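Written below as structure tokens is the structure these notes are about.
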Amino acid sequence: MLNSEIINEEDYVLVIGHRNPDVDSIVSSILVRNILRNMGVKSDFAIMEDDYIKKSNFKNIDKYIKDEPLVLKEEDIPNYKFLLVDHNDVNQSIKDVNLVTGCIDHHILTCSFASYYKDLGSCSLVVYDLFNEIYNFNKYEKKLIYYSFLSDTNYGRSSRYSDEDRKLIEELGFDTNYDKYFEKYFVETKVDIENFEKSGYKDININGVLFKSTYINVKGTMGIDDYKKFVKNNDKNFIGLWFDFEKRKSHCFIKLNESFYENEFNFIASRAMDVIPYVETLIKV
Ligand SMILES: [Mn+2]
């Protein structure tokens, strides 16, 4: 996970998730920061200036997160060494592979630096699974893992959710019937142009082709035509995902070069595991 040729105990490591961080990016950063400190490595977790977690699918998540990040200015990035969590493409954060000392992720690896990958529902679960035997996760950390897992798997509804996830959640001592948490914490995305542009925003590189991507989490399809138009008329390559939690369907709108494609999944699809492989088939044609 850590490249021991680059990192030693005197070093100071900044843990960072992807830009426009979601709950999983923040929680994974906090956990890894705590684990590094426990190992005697000086560490903080960082968030880019103007990038603090604003919107998520988890009601009032900022109330549960007690840790303060180091707020990082763009021009200060070269002064640090970074450990990436919840992403492994530097274009989604610090833009410079030479500053990376390691990486922990649950998205398929596309990087060449030292990294640890496991196919679990959240990066926080990967961190738990990896360090559980050498680090004592406290109650607060466990709760954050559960919340970030609920958020990243859309309350266990994502196609990514697996038996292995369930076993780890049980081991952590939490409920594996997620429906009541969905009722209590799920927040619908407001259907407006700002969210079309920003909700869940990520830059995604698929075999060298660059896409912008957002998603809308709602119950139903009210406003879906506006979102479809937004993607269709985008002047950049774009992956737009509309998740309908009422019918448990995913509508994918893809703008690639001058063409527009759409596809449907009869479940809550995973951007990493279902949608990107589909877009790969479009690129190959
Ligand atoms: Mn994640």
Side-chain angles (χ1 to χ4, degrees), residues 1 15-33 35 45-48 51-58 61-62 64-65 67 69 82-94 102-111 115-131 141-162 164-166 168-169 172 178 181 185-187 189 198-206 213-215 217 239 241 243 250 268-277:
M1 182 265 305
V15 185
I16 195 164
H18 55 77
R19 286 212 79 140
N20 191 22
D22 54 12
V23 183
D24 191 32
S25 267
I26 307 265
V27 168
S28 300
S29 299
I30 293 170
L31 297 173
V32 173
R33 187 268 321 252
I35 293 163
F45 78 101
I47 283 172
M48 296 302 296
D51 223 8
Y52 199 64
I53 184 164
K54 290 172 194 110
K55 284 174 183 151
S56 85
N57 61 349
F58 199 100
I61 187 64
D62 28 345
Y64 303 99
I65 297 177
D67 296 74
F82 292 89
L83 197 156
L84 312 184
V85 293
D86 199 32
H87 70 299
N88 62 82
D89 174 1
V90 288
N91 292 311
Q92 292 178 8
S93 61
I94 56 168
C103 168
I104 302 173
D105 199 9
H106 69 137
H107 300 92
I108 291 164
L109 297 175
T110 56
C111 60
S115 352
Y116 180 84
Y117 162 83
K118 196 160 180 179
D119 180 12
L120 292 173
S122 69
C123 185
S124 61
L125 269 189
V126 178
V127 174
Y128 172 74
D129 184 56
L130 183 59
F131 292 103
E141 290 168 328
K142 285 182 179 176
K143 209 169 192 177
L144 289 187
I145 294 172
Y146 189 47
Y147 290 170
S148 61
F149 158 80
L150 290 173
S151 169
D152 242 38
T153 62
N154 277 308
Y155 303 81
R157 284 158 158 75
S158 164
S159 66
R160 269 200 91 161
Y161 176 62
S162 68
E164 207 174 352
D165 290 338
R166 188 180 44 73
L168 289 167
I169 295 300
L172 280 158
Y178 312 112
Y181 298 91
Y185 294 117
F186 177 70
V187 180
T189 312
K198 287 187 186 155
S199 169
Y201 180 84
K202 249 183 204 176
D203 289 312
I204 299 181
N205 180 335
I206 305 178
S213 174
T214 59
Y215 55 73
N217 288 324
I239 299 171
L241 303 171
F243 297 116
S250 311
I268 300 300
S270 149
R271 183 155 59 178
M273 296 304 174
D274 301 308
V275 179
I276 290 178

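In listed order, ligands and their atoms are each counted from 1. All values derive from a computational prediction rather than experimental measurement.
R160 approaches D119 most closely through the heavy-atom pair NH2-OD1, 2.9 Å. S25 and G17 get closest at one heavy-atom pair: OG-CA, 3.7 Å.
Shortest distance from the Mn ion (ligand 1) to H106 is reached at NE2 (N/O/S atoms only). Within D152, the N, O or S atom at minimum distance from the Mn ion (ligand 1) carries the name OD2.
Not one N, O or S atom of H107 sits under 2.8 Å from the Mn ion (ligand 1).
Rounded to 10°, the angle that OD2 of D24 and OD1 of D86 form at the Mn ion (ligand 1) is 90°.
Aromatic pair Y116/F131: ring centres not closer than 6.0 Å. Two rings, from Y161 and Y178, have their centers less than 6.0 Å apart.
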